[in-house]
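See structure below.
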Amino acid sequence: MVSINIERLKDSIRDLSKIGYNDEDHGVYRWGFTDADMRARHWLLDLVKNEGFDAHMDGAGNVFFGIGDYHKKPAVLTGSHLDTVPAGGIFDGALGVLSGLEVLRTLKENDVKLKHPVWVVATAEEEGRFGGMMGSQAIAGVVNMDWLMSAHDADNVYLKDAMAEHGLDVMNVLDAAWPAERLKAFYELHIEQGPVLFNEDICIGAVEGISGVFKWIVHLKGKADHAGTAPMNMRSDAFMGLADFAHEIERIIAEDGTDKTRITVGKVDLKPGSPHTVPGEAVFTIVGRDMSNDVMQELADSCRKALSAIARKHRLMFEYEQVSWLKPQACSDTLTQIIENKAKQRKLSCLKMPSGAGHDTQFLAQITEAGLIFIPSVNGVSHAPDEWSHWHDVEAGTNVLLDCIVESAS
């Protein structure tokens, strides 16, 4: 049985981790379409071209490389993303891209004969800086001109401007769609980003479906005032509105959610931001997740009603913008079964499970059979500098990915 070279894969992961690495907090900063993110894309292009693989970057910033002509026969595609959250870890996304590269290297050096091309994609802007998962959405052909021109991040930087800074025209994103007939299957290898596999000492997760997610940017607008002279009962304190909403989250989930529901306030900006001034405005994000689109809609309605009532109570104006709404997505039953079978053949423990985090797979699944493979995250940690997966799990997951790709491409 052919197997990957874990030492070579280690070196690749470590090399990539240096791009955007911060010495102070030890996190990786490759937020979508920043300088570090683009350096990583060009580093990858140079690396794979030097190793003899065909490679290119499309109009959305997705990097593709592989073996065989996908214009003549549908390809088996694998991959994940290169961008990170601010102060992220070294495995999230990067593992799926570089494990794909290691699979190509292994196929090439062992002269494995396949009937279908095998390609890897490093998607752009998966972490949702501008809302959604732009790179994989572009491949699936589900972006439109209106969204591309209006998409912006929480700091009001527009996608079109961030791309232009790196010589990319946002309108070329519309040319990045792949016809469904070009693809035979898509596999993504990813760290779980949760504690289930690690706590249960299971090596491989075969993901059955991916949670949906919505993202809002909320504005609660009151009146800035002097912190010493404004009576407490006469204030229009925007922070008090935010604090009240935070206490409503558990009630909203209990009444309208499920055990799979997550609601998070992850970014907050108080204005004017002075210690001696009553906050006149609170700008914050709300991200909601569930495995049911209907439940997500109930949660969104409840958040809106709660914020409206809170705004009235504190004499605030409430506004919100829905940055993105990604529906839950089932994975391919066929590929999930292949993942289970290949784990069994390698004598690896395997668990069928859902994914609470969003992944590129949920958009590729709209145009082809798609499967998602998890490996354990130590203590369930991700999106943080102490994110870690043991190298023996990385090796096991990449070998399962290799076996799955060989089966689907044969």
Side-chain angles (χ1 to χ4, degrees), residues 12-49 55-65 78-101 120-139 143 147-148 151-173 176 188 190-191 193 215 266-267 285 323-324 357-360 363 382-385 387:
S12 298
I13 292 173
R14 287 167 174 159
D15 288 345
L16 176 58
S17 72
K18 297 172 186 175
I19 303 176
Y21 179 77
N22 183 288
D23 286 323
E24 293 183 6
D25 62 15
H26 308 295
V28 180
Y29 289 76
R30 292 199 301 266
W31 207 210
F33 294 113
T34 57
D35 290 346
D37 177 45
M38 295 308 296
R39 282 202 307 275
R41 295 180 189 284
H42 289 292
W43 168 85
L44 180 61
L45 278 170
D46 291 342
L47 174 65
V48 297
K49 286 179 180 177
H56 67 274
M57 183 188 294
D58 70 10
N62 297 313
V63 174
F64 289 90
F65 54 97
T78 188
S80 194
H81 57 98
L82 282 182
D83 60 314
T84 72
V85 296
I90 71 169
F91 290 101
D92 180 9
L95 171 64
V97 175
L98 296 177
S99 63
L101 171 57
V120 181
V121 61
T123 60
E125 223 300 89
E126 188 270 355
E127 290 291 3
R129 175 186 174 187
F130 299 97
M133 300 178 188
M134 194 273 287
S136 52
Q137 286 176 283
I139 296 168
V143 291
W147 182 84
L148 290 171
H152 61 85
D153 66 12
D155 296 315
N156 218 35
V157 176
Y158 278 77
L159 171 65
K160 59 186 176 66
D161 296 330
M163 293 184 69
E165 285 186 14
H166 300 285
L168 297 171
D169 184 343
V170 73
M171 298 309 294
N172 291 337
V173 174
E188 182 174 11
H190 208 282
I191 57 172
Q193 301 181 280
K215 179 180 179 181
K267 179 176 172 59
T285 58
V323 178
S324 61
H359 296 287
D360 290 306
F363 285 102
S382 184
H383 282 192
E387 168 187 287

Closest heavy-atom pair and its distance - [X], [Y]:
X	Y	result
D360	S80	OD2-C, 3.6 Å
A87	D25	CB-OD2, 3.9 Å
G358	M133	C-CE, 3.4 Å
A55	V48	CB-CG2, 3.6 Å
A176	D58	CB-OD2, 3.5 Å

Between [atom1] on residue [X] and [atom2] on residue [Y], distance to nearest 0.5 Å:
X	Y	atom1	atom2	result
L44	D15	CG	CG	11.5 Å
I90	K18	CD1	NZ	11.0 Å
L98	L16	CG	CG	5.5 Å

Report yes if the side chains of [X] and [Y] come closer than 4.5 Å at any heavy-atom pair, otherwise no.
X	Y	result
F33	L159	yes
E126	F363	no
H190	D92	yes
W43	I19	yes
L45	M57	yes
L95	I191	yes
F65	L47	no

Could you check whether any side-chain N or O of [X] sits under 3.5 Å from a backbone N or O of [Y], counting only pairs where one atom can act as donor and the other as acceptor?
X	Y	result
H166	L168	no
N62	A124	yes
E125	F130	yes
T84	R30	yes

Requested in this report: Give the intermediate values and the outcome of side-chain contact (heavy atoms from CB on, under 4.5 Å) for residues M163 and M134.
Outcome: CA-CA 12 Å; M163 293 184 69; M134 194 273 287; 4.2 Å; yes
**Report entry** Within residues 155-168 or reaching into it, pairs that qualify as salt bridge (charged side-chain N to carboxylate O under 4.0 Å, His left out) - sequence neighbours excluded
**Finding:** D155-K267
Query raised in the report: Any salt bridge (charged side-chain N to carboxylate O under 4.0 Å, His left out) pairs touching residues 33-46, not counting sequence neighbours?
Result: D37-R41
Report task. Given side-chain contact (heavy atoms from CB on, under 4.5 Å), test Q137 with V173 step by step and report yes or no. Result -> CA-CA 10 Å; Q137 286 176 283; V173 174; over 6 Å; no
Query raised in the report: For the residue pair F64 and H56, does the interplanar ring angle fall in the parallel (under 30°), tilted (30 to 60°) or perpendicular (over 60°) class?
Result: parallel
Report task. Applying side chain to side chain contact (heavy atoms under 4.5 Å, CB included), name anything that partners V85, two or more places apart in sequence or on another chain. Result -> W31, E127, H383
